[in-house]
Amino acid sequence: MRRALAALCAAALCAAGCRRAPPPAPAAEAEPALSAYARGDLAAAEKAADALIAKDRGDALAFNLRGRLKLDRLDFEGAEDDFSEAIRAQPTLAVAWYNRGNVRIDLGKLLEALGDLGNAARLDPDLEGAPYSAGLAKNAMGDFRGAAEAFAIALRVNSNMRQAKLNRAAALAGAGDRETALPLLDESLREAPDSLGALMQRGALREETHDAAGAVEDYGRAIALLPDRPLAYRARAEAYRADLKLDAAIADESQAVRLDPTNAEPLMDRARMYYLTERYTEAMGDWSKAMKLDRGRVPEIRAYLDQIKTKVHANDEPRKKAPRRRTK
Amino acid sequence: MKRAAAFLAVFLAGGAAVYLARGRPAAGPPEPERLFLDALTPVYTGRFRDAVRRFTEIIKRDARDPRAYYFRGLAYRELRALPEAVADLTRAVELDPALLGARYLRALSRRELGDTPGALADVDALLAAAPARAELRVLRADLLRALGRDREARDELNRALADKPASYFALVRRGRLNATLIGIDKGVEDYDAAIALEPKLAPAYVEKAESLRQLRRHDEAAKAARLALERLPGRADIYLLESRIESDRYRYDEALAAATAAIGLSSKNYEPWQKRATLYRSIGVGRDDPAKFALALLDNDKAVELAPKSPEVYLVRSNTNVWADHLDRALADAKTALALDPRSAEAYNAICDVYRMRNEFALALPSCDKAIDIDPYSAGLRNTRALTLEGLDRLRDALKDCDRSVAFAPNSIEGWFHRGHIRLHAGLRADAISDLRHALQLDPRDARVKRAMEEAVQAAPL
């Protein structure tokens, strides 16, 4: 079953048919490099790998090892070069394609990464990470349907791949399929209740599907994880507004204003809610600050101020006509 | 399993042969080191399950070796067993905080598991300890953005792009942030730079199309959307964007085709149905084609079926019903929207519109007033009240609302058309012609405006 699924993932990732590559031949000469690597002496390990490569530029595993070592010191481009050399020396070395695919994702070379991951999966269907990585690349390129399919394949190969559920949900939401995305997020959050990304994502989806109370709950949990940032407060304020709870929304926008006082957005949003609840003095205070932060808001603010004047004027009219009361 | 055993046997045999040939002691490394090497070999040859098994044995013997946790964490990561990878990499970093590779892999794994703050803490530690690679800065910017720290994210991208200017995704990401934080045109600059680097990719075209639409550079926006769709033909949201761009420039046939394509790709989503309904209605109104109202209502019904809790879908259907002269149905929809959102300015506006169409202007006006009271900065609400006030023969007040409408939305045909029409009613023929001319510049094919213009031209000057 597992093999069949792996074959399926390879087929999905590459146009060519599946052909399993033989396992790479071990190189005994690599032992000094591996020993140094095992000791954590990256410089010695790289030097030993250099020596191996100098001796035989056709030693694909030595290039692959040196690429891995370069990744350990975050030299992404150097690693990419070495994995490329490994592939040149031995085009059937699946792990070199896989490693280069992954490092190309780090480097933002997503189209090239997809080709590499396809080759890796074709050569070795046991490389379970390949469809998942392909999903990440496709998601970043905006191919949400392709990404959702790649994550689905990753999940068929390994149903416990928690992040594949989360990323598949994001891809499905991007493709507009909220109905399928939501249960995946429910499942993700059952497995990992403290995933901020999953909570924010489900909150947004619940809002989009007009489940304001559900969104409020998710953003509340996100706030507990991230109490010192305005992000989740602002999101919850919007959900409260949709749930017709303006006082709660104002409280959240106030937190956002406190945490990010130079941003005009929360001030404008809070001012609108003060206005709707007829707390005009507070609203005018917010507009005055927002105007200083963003002059582009002036026409909108002026429209609200004019409306307030109209209302105040309308309220004053009957009072003017009423007889004055005598004061003692 | 057999394959792994055979592989190990070959490896050991080969290793032994080389040692013997070099005259080293036949005994080889001491046992713990031997085990470690045997476990490490599958890591670098891509046999990650085997590596996990072997390092688990090593950890059972010595639970304080950071490298064993690191390599098992690495193997778990390659198997995409990320919770296990994070646990091992955490142990590795605890035992040896200098393991940069472990921190990096943990940062990636945490991010993919949705632990954004944890991932950011790792990247911050890496940037403090290691050379500040552009890739790390881009990763940090992504994490900051996910946490809503947009300005810091943009600063980080500025640094990354100073180090490595030819970075497609860094440019696209900075473009988004610049568009929000500085100005849309600054975003477009970055999108153009990204497109010049990698014209085969779609994301920069998508962002550019949206930005140009906001800048009302419709021809360029339409071209960018088309190029995005050539690269990503399966994206319903890009078809919807194209539909919006085309309807913004009153090219309804093209807009309709794009909305229909979006429905084909995303039929469970109410937005494309709603967009197409709006287009059918606009064609019915602007092209004098009342048969389109029936088509619009079919799409409206579908949108309501798909999103019954959304006030918006009822409001859009209410508006179509007004044009189709189903005023009772229009009122029922407006009231449903109001029940779903009692502070909806649009719902009050819809109620006003129904009464106005029944010529019950005095009954209509309070709802229009309420709508504007809730949202004073809406051109559409001002238009409805202007027409209601016109019905009450309060032309001066009507024109005040028209002035506001034109000021709030100068690129919408509606404000110009209604002001022209009411000015004509008020005997302000020259001003009316000027307004109608402006409206015709926006959409030369609008039948209502053409008729009003003919009427204005034929009217005797006062």
Side-chain angles (χ1 to χ4, degrees), chain A residues 23-24 26 28-29 31 34-35 37-38 40 61 64-65 68 71-74 76 94-95 98 106-108 111 124 127-129 132 140-145 154 158 160-164 166-167 175-177 179 192 195-198 210 226 229-231 244 276 299-300 303-304 306-307 311, chain B residues 3 7 10-11 14-15 17-18 29 33 36-37 40-41 44-46 67 78-80 82-83 100-101 104 112-117 126 130 133 135-136 138 146-149 167-170 200-203 206 232 234-237 266 268-269 307 309-310 342-343 372-374 376-377 407:
Chain A
E29 293 90 341
E31 198 160 291
L34 286 174
S35 285
Y37 192 18
L61 278 174
N64 187 57
L65 174 60
R68 186 79 251 173
L71 270 187
D72 264 25
R73 54 180 178 81
L74 310 181
F76 304 104
V95 71
Y98 180 63
D106 294 338
L107 285 163
L111 269 180
D124 183 357
L127 281 173
E128 298 174 12
Y132 173 78
M141 287 197 298
D143 177 7
F144 299 132
R145 281 170 187 273
N158 178 358
N160 294 321
M161 212 182 273
R162 191 189 298 165
Q163 74 283 359
L166 191 58
N167 283 297
D177 185 356
E179 279 176 23
S195 168
L196 180 71
H210 305 95
L226 198 66
R229 300 301 316 168
L231 181 78
L244 311 174
L276 287 174
E300 183 180 354
Y304 277 93
D306 287 350
Q307 188 63 22
K311 287 166 70 142
Chain B
R3 196 170 57 241
F7 169 77
V10 172
F11 175 76
V18 170
E33 195 182 329
F36 213 104
L37 290 177
L40 194 49
T41 302
Y44 97 104
T45 55
R67 307 288 305 171
E78 297 302 1
L79 289 165
R80 298 301 186 251
L82 297 191
L100 295 184
Y104 180 66
E112 287 165 41
L113 287 168
D115 176 10
T116 317
L126 283 170
R133 305 242 177 233
E135 292 77 15
L136 280 184
V138 174
L147 292 170
R149 293 162 65 176
S167 304
Y168 180 89
F169 285 96
K200 282 185 202 162
L201 292 175
V206 179
L232 286 176
R235 280 267 299 266
D237 61 319
S266 186
K268 285 194 245 169
N269 200 346
K309 290 189 206 163
S310 160
R343 285 199 179 87
I372 287 173
D373 187 30
I374 293 170
Y377 189 58

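Since the model is a prediction, treat every value here as computed from it, not as a measurement. Residue numbers begin at 1 in each chain, while the letters A, B, ... track the order of the sequences.
Interface remark: A:Pro299 contributes backbone and side-chain atoms alike to the contact with chain B (heavy atom separation under 4.5 Å). Of the atoms belonging to B:Ala146, it is backbone heavy atoms, and not side-chain ones, that fall under 4.5 Å from chain A. Heavy atoms of B:Leu232 lying under 4.5 Å from chain A belong exclusively to its side chain. Residue A:Leu166 touches chain B through its side chain alone, counting heavy-atom pairs closer than 4.5 Å. Both the backbone and the side chain of A:Asp143 come within contact range of chain B, each with at least one heavy atom under 4.5 Å from a heavy atom of that chain. In this structure, chain B has no heavy atom under 4.5 Å from any part of A:Ala192. In this structure, the portion of B:Leu201 lying under 4.5 Å from any heavy atom of chain A is its side chain and not its backbone.
Considering every non-hydrogen atom in both B:Ser266 and A:Arg145, the closest pair reads N-NH2, 4.2 Å. Listed here is the closest heavy atom pair of A:Leu196 and B:Pro117: CD2-CD, 3.7 Å. Closest of all the heavy-atom pairs between B:Tyr44 and A:Leu61 is CE1-O, 3.4 Å.
Under the rule for a side chain to side chain donor-acceptor pair (under 3.5 Å), the partners of A:Asp306 that lie at least two apart in sequence or sit in another chain are B:Arg404. A:Leu276 pairs by the side chain to side chain contact (heavy atoms under 4.5 Å, CB included) definition with A:Leu246, B:Arg343, B:Ile374, not counting sequence neighbours.
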Quiz item: Given A:Gln307 and B:Tyr377, is the side chain to side chain contact (heavy atoms under 4.5 Å, CB included) satisfied, shown in steps?
Solution: CA-CA 9 Å; A:Gln307 188 63 22; B:Tyr377 189 58; over 6 Å; no
Exercise. Show your reasoning for whether side chain to side chain contact (heavy atoms under 4.5 Å, CB included) applies to A:Arg162 and B:Leu82.
Key: CA-CA 8 Å; A:Arg162 191 189 298 165; B:Leu82 297 191; over 6 Å; no
Exercise. Kindly indicate, with the supporting measurements, whether the criterion side chain to side chain contact (heavy atoms under 4.5 Å, CB included) is fulfilled by A:Gln163 and B:Arg80.
Key: CA-CA 8 Å; A:Gln163 74 283 359; B:Arg80 298 301 186 251; 3.5 Å; yes
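Rounding to the nearest 0.5 Å gives a distance of 4.5 Å between CZ of B:Arg149 and CZ of A:Arg229.
Put simply, the side chain of A:Tyr98 gets close to the backbone of B:Glu78: a donor and an acceptor are under 3.5 Å apart.
Residues A:Ser195 and B:Leu113 form no side-chain contact, since every pair of their non-hydrogen atoms from C-beta on lies 4.5 Å or further apart.
Listed options A:Leu71, A:Leu107, A:Asn158, A:Asn160 were ranked by heavy-atom pairs under 4.5 angstrom with chain B; first place goes to A:Leu107. Ranked by non-hydrogen atom pairs under 4.5 Å with chain B, the options A:Arg68, A:Glu300, A:Arg73 are led by A:Glu300. Options B:Ser310, B:Ala307, B:Ala170 differ in how many heavy-atom pairs under 4.5 Å they form with chain A, and the most are formed by B:Ser310. Interface check for chain B: of the options A:Gly197, A:Ala140, A:Gly129, A:Gly142, the most heavy-atom pairs under 4.5 Å are formed by A:Gly142. By number of non-hydrogen pairs under 4.5 angstrom with chain A, the leading residue of B:Leu126, B:Leu147, B:Thr116 is B:Leu147.
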